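Everything on this sheet refers to the single structure shown next.
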Amino acid sequence: MIRLENVSKVYPRAARAALDDITLEVAKGEFVFLVGQSGSGKSTLLRLVLKEERPSSGTIHVAGKELNSLSQWKVPELRRQIGTVFQDFRLLPNKTVTENVAFAMHVLGASVKEVRRAVPEVLELVGLDGYGKRRPNQLSGGEQQRVAIARAFVNQPKILLADEPTGNLDPTTSVGIMKLLDRINRTGTTVVMATHDSGIVDQMRKRVIELDSGCIVRDQVRGVYGYSG
Amino acid sequence: MRARFLASEVGLGLRRNLTLTVAVVVTVAISLALLGVGLLANSQVKVMKDYWYDKIEVSVFLCGNLSESPSCTGGAVTAEQRDAIEGDLRALPVVSTVYYESQAQAFARFKDRFKGSAIAANVTQDQLPDSFRVKLKDPKQFAVVQSAFAGRPGVDSVQDQRAVLEKFFSLLGVLRDGALAIGLISVLTAALLISNTLRIAAFNRRRETGVMRLVGASSFSIQLPFILEGVIASIIGWAISTGLLAALKSLIDTRVAPLLTFTKFFAWSAVWQASGFLLITGFLVSSIASLLTLRKYLRV
């Protein structure tokens with residue numbers, strides 16, 4: 001589903017490479033944690049997959065497309081295959097929960113009928129049944145992140161990228177979000193989650209890829225956050 | 001993107017930026033109206049040229065007792081000379097009509113024109129030359145008559161009334177060019193204002209456009225609401241500018257035309273023609289300004 005071959009990324013005027021000769025493959029339906037300190041290259045990797053940045057060298061395949069040769073006007077098509085969730089939720093404050101989720105469908109040309117069918121379904125999936133008329137400022141952090149996940153998932157992407165989705169949440173709430181991401185993963189969606197949250201990584205026992213200064217230092221099936229020897 | 005969703009997004013954008021929307025509408029209205037005044041001035045010059053050139057004549061003055069030009073050394077024009085000149089004038093293909101004005105007719109006209117003035121009392125009939133009044137098929141062909149008759153025995157001088165009108169029209173032309181230049185500059189100002197307004201709108205809605213990018217909306221559907229906002233504001237401005245031009249036209253018809261009876265004014269069709277041109281201008285300027293701005297500030 002995602003394949004990187006010898007990918008390096010050097011930002012202009014940066015002292016060292018953000019990613020240094022990375023090769024990795026994430027299969028369809030996998031759940032992968034991307035761990036490492038701030039500045040280790042986790043976010044850069046996610047941005048490369050979204051084609052928000054171009055690699056300095058190497059090739060990237062996402063959902064069967066080779067990104068270097070993908071023309072700029074086909075980038076939206078690529079992004080429709082990918083749902084994205086961030087630490088800061090990025091909800092639209094003057095729209096209700098329903099409108100926030102529906103927005104992602106409307107901008108892709110969905111009909112009112114399709115929106116009316118899909119939005120309550122996905123809100124139920126993320127556990128926000130009955131929250132449709134509220135606005136983001138009336139929700140807790142965990143609830144806001146659920147709305148963001150619902151919005152990322154409502155167009156049925158093949159891949160879900162999550163950049164520190166529990167970074168602003170307390171541990172109990174984080175567990176709820178992880179259960180939700182796990183449920184989405186079980187529907188066959190490939191999930192790649194960048195995180196510092198060692199408790200969660202240890203608990204979930206999924207594949208862990210650790211980055212340090214732009215290099216992969218560990219790629220472990222059913223791994224933990226720190227070195228377990 | 002469905003029409004209903006698009007309409008609600010555009011409406012939301014226009015309302016949220018209401019003061020800027022109003023600024024764009026007013027600026028577009030005034031700048032298009034100024035450009036329209038330039039266009040109407042252009043039609044007016046054309047109307048006046050048609051009207052006046054239709055009436056002007058070339059005067060071929062014949063030698064009298066007092067003429068001093070070299071071609072009059074033989075004294076006053078003889079009857080044979082006069083008949084020959086008239087025959088040659090009628091034979092010229094550029095000439096439309098010719099009529100003869102005798103000294104008596106010239107004197108009557110002169111007295112009529114300077115009625116009540118001391119000049120009229122001091123002029124006698126034999127001081128005024130008789131002449132041929134020649135109407136040309138094309139008023140610009142004056143040179144043909146001039147070269148054929150100036151200096152010919154019995155002809156004192158050849159005068160073109162057009163030369164007098166030309167000065168007047170070149171003055172009108174300067175006014176028209178000035179109006180057009182001011183109009184164009186203010187349309188450019190409106191384009192810059194639209195561009196800045198969209199930049200602010202794009203900044204205000206960076207959250208929305210960010211989400212659109214992430215879920216894979218095409219850059220066209222991200223830009224379309226902004227472009228439509230600019231175009232709708234411009235079209236409202238255009239409607240107002242057409243209203244202003246129509247008001248100007250009816251003001252001229254009711255207040256100015258009764259006072260200036262010596263000339264005709266541009267017709268309503270000129271107003272609609274100018275309005276159509278302004279619509280195209282407004283649409284092009286606003287959509288080009290939008291596209292250029294958004295290409296810079298709303299990248300996929």
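In what follows, chains carry the letters A, B, and so on, assigned in the order in which the sequence lines appear, proteins first and then strands, with residues in each chain numbered from 1. All figures in this text were calculated on a predicted structure; none of them were measured in a lab.
Minimum heavy-atom separation, A:Pro76 to B:Ser218: CG-CA, 3.8 Å. For B:Glu208 against A:Phe103, the heavy-atom pair with the smallest separation is O-CE2, 3.7 Å. Residues A:Asn155 and B:Val215 come closest through the heavy atom pair ND2-CB, 4.3 Å. The nearest pair of heavy atoms linking B:Gly216 to A:Leu108 is O-CD2, 3.4 Å.
With a 4.5 Å cut-off on non-hydrogen atoms, B:Arg16 touches chain A through its side chain but not through its backbone. With a threshold of 4.5 angstrom between heavy atoms, A:Gln81 does not approach chain B through any atom at all. No part of A:Asn100 comes within reach of chain B, as not one of its non-hydrogen atoms sits under 4.5 angstrom from that chain. At a 4.5 Å heavy-atom cutoff, A:Val154 makes no contact with chain B through either its backbone or its side chain. Heavy atoms closer than 4.5 Å to chain B are found in the side chain of A:Lys95, but not in its backbone. Contacts of B:Arg205 with chain A are absent, with no heavy-atom separation under 4.5 Å from either backbone or side chain.
Within a 6.0 Å sphere centred on CH2 of B:Trp268, heavy atoms belonging to other residues, nucleotides or ligands number more than 12. For B:Phe277, the CZ atom sits in a loose shell: 12 or fewer heavy atoms of surrounding residues, nucleotides or ligands are nearer than 6.0 Å. When the shell of 6.0 Å around CD of A:Gln138 is examined, it contains more than 12 heavy atoms from other residues, nucleotides or ligands. A 6.0 Å sphere centred on NZ of B:Lys137 holds more than 12 heavy atoms belonging to other residues, nucleotides or ligands. Counting heavy atoms of neighbouring residues, nucleotides and ligands inside a 6.0 Å radius, atom CZ of B:Phe169 exceeds 12 of them. More than 12 heavy atoms of other residues, nucleotides or ligands shown are found within 6.0 angstrom of CD on A:Glu5.
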Verdict with supporting geometry, A:Thr84 and B:Arg213, side-chain contact (heavy atoms from CB on, under 4.5 Å):
CA-CA 11 Å; A:Thr84 321; B:Arg213 272 161 34 92; over 6 Å; no

Criterion side-chain contact (heavy atoms from CB on, under 4.5 Å) on B:Phe5 and A:Val107, from CA distance to verdict:
CA-CA 8 Å; B:Phe5 177 70; A:Val107 298; 3.8 Å; yes

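Atom NE2 of A:His106 is separated from atom CD of B:Glu9 by 9.0 Å, given to the nearest 0.5 angstrom. Here A:Ile82 contributes atom CD1 and B:Leu214 contributes atom CG; the two are 10.0 Å apart, rounded to the nearest 0.5 Å.
The residue among A:Gly83, A:Pro93, A:Ala102 with the most heavy atom pairs within less than 4.5 Å of chain B is A:Pro93.
Remark: side-chain polar atoms of B:Arg207 are not paired, donor with acceptor, to backbone N or O of A:Leu92 under 3.5 angstrom.
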